[in-house]
Amino acid sequence: MPAASPRLGGVRRSTVVALTAAATLLAGLLGPASAQADAPPSEDVTSENVEHIANLPKPEAVSNTNSDLAFTGDHVIGGNYDGFVIYDVSEPSDPQIVSEVLCPGGQGDLSVSGDLVYFAVDYPNASDECGAPAVPVTDPDGFEGVRVFDISDKANPQYVAAVRTDCGSHTLTLVPGDDEREYVYVSSYAPAEEFPNCQPPHDKISVIEVPLDDPASAALVNEPVLFPDGGNHDQDGLLRPTEGCHDITAYPEKDLAAGACMGDGVLMDISDPVEPVVTEVVQDENFAFWHSATFTNDAGTVIFTDELGGGGAATCTEEIGPERGANAIYTLDGEGADATLDFESYYKLERHQGDEQVCVAHNGSLIPVPGQNYFVQAWYQGGVSVIDFNDPKNPREIGHWDPDDRIDPDIENGSSWSAYYYNGHVYSSDMRRGLDVLELTDPRLRPAERVTYDEFNPQTQPSYRPGR
């Protein structure tokens, strides 16, 4: 979820209720505001081992809230609530816009596979056509789900298919199949009795099958129920109940997936991608909203993130403390479908941001240093953090970039939705600033430069080794 301010024109379903609940939770956690609450978090916008090398503002046509990123060759594909933008990053210090696809529908989470882009639509439109007007969630004919685009000509992408899914698509995850087909896992949530296409209980995900020789015939093939017993429903009313999943990260080589499902964190066996099976469920009284997950390269550890406040509140403060709105680090005991999750520690941004800075744990990826565990992560107005979690009981920040006009009055405040490492650089999708490019100069991270990908979807983790 983005911060509240960019979304006022398109609040979805129970967002108002969610933000109210978040405000109640935060009020209970906070004492009186400190007089120094909005003092700058540090003396520098950037640490010595992180260099900001480029910013490309959002284009005029696709200028709503920026969301997630996917990568293919020398190109970055940037999601936006209005559609998506394809960037040429063959020169990372000088990124260029190749094309803009104006096709509003909200959220804009995406994945790329060869010549195909899968795009999440989470606000209902009158039809599946680009440009169709928005309609109320109570309209039974409203379209939400996944759009499929052909980007074989990156200067002229083509819209080829649309698949309706219950409750739309808040996020999506590409799962490889065989030579003939691949799959998209669709995560969505927030059902209500008055929503004809999003009825409770919504304890499932949607699985879309895409024939690779005919992507226009992509279709829904399964709706597996992950929580037959209903999932976590906190009795105190402080946590969001489990009503679907927010995001799923697949590790296909290991036949594993980790789901961040509102009130639950789960492990899944995806050896049969059409029939994912939940093998482990964990809950945490400090987690308000299980948001996303990342495996280590050896699948020995998982980082889960907590989107405390729904992405609309200042949670990186001394008053809230280090255990709420944090990452939770779990080690996996056992292998494959027999693995269990064991809690090790929390990681929370220590650069306190003040009570006016919307800061929350959000999307990140591994920095692919073989044999080591480093993570780069977006924290909205907390900026971009580089984290060493080689000791899962003692994670620590080793670098940061935090554009903040309290530190430098000449810089535009940042609000990073996603920060991912790809082929030698970190790319930050900033909700307002556009696309930022960072270079990491820390010697500990240089081995990652020898790992290159032809394609990278952060929610579909590849394994890596030097030179690959």
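The basis for the numbers below is simple: all heavy atoms, side chains too, and nothing from hydrogens, waters or symmetry mates. Since we're looking at a predicted model, the values are computed, not measured.
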For [Y], is there any backbone N or O sitting under 3.5 Å from a side-chain donor or acceptor partner on [X]?
X	Y	value
T165	S206	no
N390	N373	yes
T294	I303	no
T249	A293	yes
K58	N64	yes
R433	E412	yes
S345	P392	yes
T460	L174	yes
S365	Y421	yes
H52	A54	yes

> Excluding sequence neighbours, so at least two apart, what forms side chain to side chain contact (heavy atoms under 4.5 Å, CB included) with P157?
Replying inline: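 P157 satisfies side chain to side chain contact (heavy atoms under 4.5 Å, CB included) with F84, I86, S99, V101, I151 only.
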
> Quick one: side chain to side chain contact (heavy atoms under 4.5 Å, CB included) partners of A260, sequence neighbours excluded?
Replying inline: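 With sequence neighbours excluded, A260 shows a side chain to side chain contact (heavy atoms under 4.5 Å, CB included) to W290, given in chain and number order.
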
> Sequence neighbours excluded, which residues qualify as salt bridge (Lys or Arg N to Asp or Glu O under 4.0 Å) partners of D442?
Replying inline: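 Once residues adjacent in sequence are excluded, the partners of D442 under the salt bridge (Lys or Arg N to Asp or Glu O under 4.0 Å) criterion are R444.
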
Filter on disulfide (SG to SG under 2.5 Å), then keep only pairs touching [range], sequence neighbours left out; what's left?
range	answer
residues 83-126	C103-C130
residues 343-428	C316-C359
residues 435-464	none

Quick check: are there more than 12 heavy atoms from other residues, nucleotides or ligands sitting under 6.0 Å from [atom1] of [X]?
X	atom1	result
E449	CD	yes
E350	CD	no
N394	CG	yes

Exercise: identify the closest heavy-atom pair between [X] and [Y]:
X	Y	result
P443	P447	O-CD, 3.8 Å
G325	D306	N-OD2, 3.1 Å
I367	A448	CG2-CB, 3.8 Å
L110	G78	CD2-C, 4.0 Å
V50	W401	CG1-CB, 4.0 Å
Q381	G414	CG-O, 3.3 Å

Taking the side chain as C-beta and beyond, is there a heavy-atom pair between [X] and [Y] under 4.5 Å?
X	Y	result
L366	Y374	no
D247	Q459	yes
T301	F389	yes
V148	V117	no
F71	V112	no
E243	P191	yes
F287	Y346	yes

Residues [X] and [Y]: side-chain donor-acceptor under 3.5 angstrom:
X	Y	result
H170	D109	no
Q96	D88	no
S416	S428	yes
E182	S113	yes
D150	S152	yes
S188	H202	yes

Below 30° counts as parallel, above 60° as perpendicular, anything between as tilted: where do the rings of [X] and [Y] land?
X	Y	result
F295	Y251	tilted
Y81	Y123	perpendicular
H362	Y380	tilted
W379	Y347	perpendicular

> Nearest 0.5 Å, what's the OG1-CG distance between T331 and L341?
Replying inline: 8.0 Å

>> Using 0.5 Å steps for rounding, measure from the CG atom of N457 to the CG atom of D68.
In response: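 So the gap between those two atoms works out to 9.0 Å.
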
>> Quick one, F304 with Y330, criterion ring pair (Phe, Tyr, Trp, His ring centres under 6.0 Å). Give me CA distance, side-chain angles, the key distance, then yes/no.
In response: CA-CA 8 Å; F304 287 101; Y330 286 79; 5.8 Å; yes

> Can the ring centres of Y427 and Y420 be said to be less than 6.0 Å apart?
Replying inline: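 Aromatic pair excluded; centres sit 6.0 Å or further apart.
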
>> Quick check: F289 with Y189 (ring centres under 6.0 Å apart)?
In response: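 Yes, they do, as the ring centres are separated by less than 6.0 Å.
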
> Do the charged groups of R147 and D128 touch, with an N to O distance under 4.0 Å?
Replying inline: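 So R147 does not pair with D128 through a salt bridge.
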
> Do the charged groups of D430 and R432 touch, with an N to O distance under 4.0 Å?
Replying inline: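 No salt bridge links D430 with R432.
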
>> Could you go through R406 and Q357, starting from their C-alpha distance and side-chain angles, then the distance that decides it, and tell me whether this counts as side chain to side chain contact (heavy atoms under 4.5 Å, CB included)?
In response: CA-CA 11 Å; R406 296 175 298 166; Q357 300 295 109; 3.4 Å; yes

> Would N80 and T65 satisfy side chain to side chain contact (heavy atoms under 4.5 Å, CB included), going step by step from the backbone distance to the final call?
Replying inline: CA-CA 6 Å; N80 183 283; T65 300; 5.7 Å; no

